[in-house]
Amino acid sequence: VAKAKQSGAVLFDPAFDISSQGNLSLASELRQAIATNELALYVQPKIDLQNGKISAVEALIRWRHPQKGLMFPDQFIPFAEQSGLISLISLWVLAEAARVEVAWRKLGIDAPIAVNLSTRDLIDQDLPHKILTLHQDAGLALGGITLEITESSMMDDPQRAQQTLERLSDMGLQLSIDDFGTGYSSLAYLKRLPVSELKIDKSFVLKMEEDENDRKIVRSTIDLGHNLNLKVVAEGIESRAAWDLLASMGCDFGQGYHISKPMPAADFPAWLQRWQAQ
Ligand code: C2E
Ligand code: CA
Ligand code: CA
Ligand code: CA
């Protein structure tokens with residue numbers, strides 16, 4: 001039994017043991033955080049690089065931990081994925097995004113919110129139905145929602161993931177391939193999956209002005225996306241020069257610190273007003 005358990009654990013993550021003391025308390029803290037609304041939805045604007053208009057925002061989760069302060073997704077999303085708590089978190093994010101969307105509509109703001117999903121979400125065959133229910137309850141159409149997925153999130157069970165994605169796409173949701181170029185089998189997935197958008201990972205964009213190879217990768221990715229009739233988004237725009245370079249290469253949309261860092265969703269309406277006044 002010990003041996004089977006050991007090899008089973010190795011398949012997932014050799015360092016991970018849900019029954020260890022630290023993980024147990026993190027798991028219960030995280031459950032608590034979901035229940036008591038310690039999680040916070042931050043948003044980062046996604047702009048049209050040709051005219052600077054806001055086209056959407058991306059939801060990025062934060063945890064306002066009572067002792068540890070503001071925690072970033074890298075500090076708890078991997079744990080949530082390994083422990084199975086991610087499905088609860090994803091539902092929280094989807095519900096919160098719907099709530100925010102409704103609040104913004106009342107202010108006359110029409111900015112669709114893109115949500116990041118994980119591997120585990122895609123093998124949950126009930127996900128499309130859960131999303132449908134959430135949005136019917138909120139009185140929102142499904143057409144405006146974008147789900148950002150990574151190539152690696154397809155690796156666990158590619159067939160099941162593909163089925164889920166096809167159902168979501170049939171329901172009218174937009175799918176976006178996140179972190180493009182950093183995983184594997186990217187091209188095969190692009191060919192097979194019903195995606196409408198491709199996001200160039202910031203690791204290529206951040207150094208593209210100095211690094212000729214990065215610049216070539218960015219340019220080829222934009223062309224590849226367009227040849228496949230996809231919209232192309234660049235992450236990690238940290239300067240006006242990067243924005244201009246991407247716009248000159250024909251990149252459709254962009255996000256980055258130069259435009260805005262992620263902010264609490266409640267701050268977005270005022271930010272948008274300032275942005276539109278410039
Ligand atoms: P991602 O989806 O690739 O998101 C982009 C990350 O780059 C975000 O980090 C964002 O804050 C950061 N970023 C944006 N603009 C710039 C820039 O100009 N320069 C630099 N250096 N960084 C920039 P964040 O918010 O820490 O999120 C990290 C990752 O955590 C995300 O990567 C995503 O994979 C995951 N994540 C975030 N929220 C969620 C969520 O609600 N659910 C799931 N499953 N994953 C999430
Ligand atoms: Ca993303
Ligand atoms: Ca990325
Ligand atoms: Ca990512």
Side-chain angles (χ1 to χ4, degrees), residues 30 33-34 38-47 49 56-64 69-100 112-124 127 131 145-154 156 161 174-183 186 195 197-209 214 217-218 221 231-243 245-246 251 253-265:
L30 202 45
I34 301 166
E38 282 168 24
L39 299 181
L41 196 79
Y42 275 50
V43 298
Q44 186 182 41
K46 191 188 279 191
I47 64 161
L49 290 175
V57 303
E58 176 178 4
L60 295 160
I61 197 171
R62 303 287 184 261
W63 179 1
R64 295 193 175 115
L70 193 65
M71 285 174 73
F72 287 79
D74 295 349
Q75 295 170 275
F76 61 93
I77 291 288
F79 172 82
E81 285 171 342
Q82 288 157 341
S83 62
L85 285 170
I86 192 68
S87 52
L88 279 181
I89 292 185
S90 298
L91 275 186
W92 181 88
V93 172
L94 286 160
E96 184 66 6
R99 196 190 63 75
V100 167
I113 302 180
V115 167
N116 290 286
L117 287 188
S118 294
T119 318
R120 288 255 191 157
D121 297 313
L122 295 184
I123 53 179
D124 173 7
L127 180 75
I131 294 181
I145 313 170
T146 297
L147 301 176
E148 300 194 358
I149 51 181
T150 55
E151 301 153 46
S152 59
S153 68
M154 254 82 71
D156 270 13
Q174 313 292 309
L175 302 176
S176 172
I177 295 272
D178 212 348
D179 296 352
F180 186 77
T182 62
S186 348
V195 295
E197 182 184 277
L198 180 162
K199 294 187 84 168
I200 308 177
D201 191 66
K202 60 177 182 288
S203 58
F204 303 111
V205 175
L206 288 173
K207 289 172 286 135
M208 111 197 127
E209 286 144 277
D214 280 347
I217 290 171
V218 169
T221 308
K231 294 290 181 192
V232 180
V233 185
E235 301 180 333
I237 300 177
E238 293 192 350
S239 66
R240 180 69 218 198
W243 174 349
L245 181 56
L246 287 160
C251 191
F253 303 106
Q255 293 172 250
Y257 294 169
H258 176 71
I259 297 136
S260 171
K261 287 199 168 178
M263 66 190 106

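Being a predicted model, the structure only gives us computed values, none of them experimental. In listed order, ligands and their atoms are each counted from 1.
- Taking backbone and side chain together, Asn116 holds an N, O or S atom under 3.0 Å from the Ca ion (ligand 2).
- Checked against the Ca ion (ligand 3), the N, O or S atom of Asp201 at the shortest distance is OD1.
- Contact annotation: for Val115 versus ligand 1, there are no heavy atoms closer than 4.0 Å.
- Assignment of Gln255 to the shell around ligand 1 is not supported, since no heavy atom sits closer than 4.0 Å.
- Under 4.0 Å from ligand 1, not a single heavy atom of His258 appears.
- Here Glu235 fails the criterion, with no N, O or S atom under 3.0 Å of the Ca ion (ligand 2).
- In terms of polar-atom proximity, defined here as any N/O pair under 3.5 Å, Asn116 does make such a contact with ligand 1.
- For ligand 1, the atoms closer than 4.0 angstrom to any heavy atom of Gln44 are 14 (C), 15 (N).
- Polar contact with ligand 1: present for Ser118 (N/O pair, distance under 3.5 Å).
- When each atom of ligand 1 is checked for a heavy atom of Arg62 under 4.0 Å away, the hits are 11 (O), 24 (P), 25 (O).
- Between Tyr257 and ligand 1, an N or O atom pair is found at a separation short of 3.5 Å.
- Among the backbone and side-chain atoms of Asp178, no N/O/S atom is found under 3.0 Å from the Ca ion (ligand 3).
- Under 4.0 angstrom from ligand 1, there are no non-hydrogen atoms of Glu81.
- Contacts between Thr150 and ligand 1 below 4.0 angstrom, taking non-hydrogen atoms only, are absent altogether.
- Among the heteroatoms counted here (N, O or S) of Asp179, OD1 is the one nearest to the Ca ion (ligand 3).
- When distances from the Ca ion (ligand 2) to the N, O or S atoms of Glu58 are compared, OE2 comes out shortest.
- Contacts between Val93 and ligand 1 below 4.0 angstrom, taking non-hydrogen atoms only, involve the side chain exclusively.
- When only interatomic distances are considered, the shortest N/O to N/O separation between Asp201 and ligand 1 does not fall below 3.5 Å.
- An N or O contact shorter than 3.5 Å is missing between Pro73 and ligand 1 by distance.
- The side chain of Glu235, and not its backbone, has at least one atom closer than 4.0 Å to an atom of ligand 1 (non-hydrogen atoms only; side chain from C-beta on).
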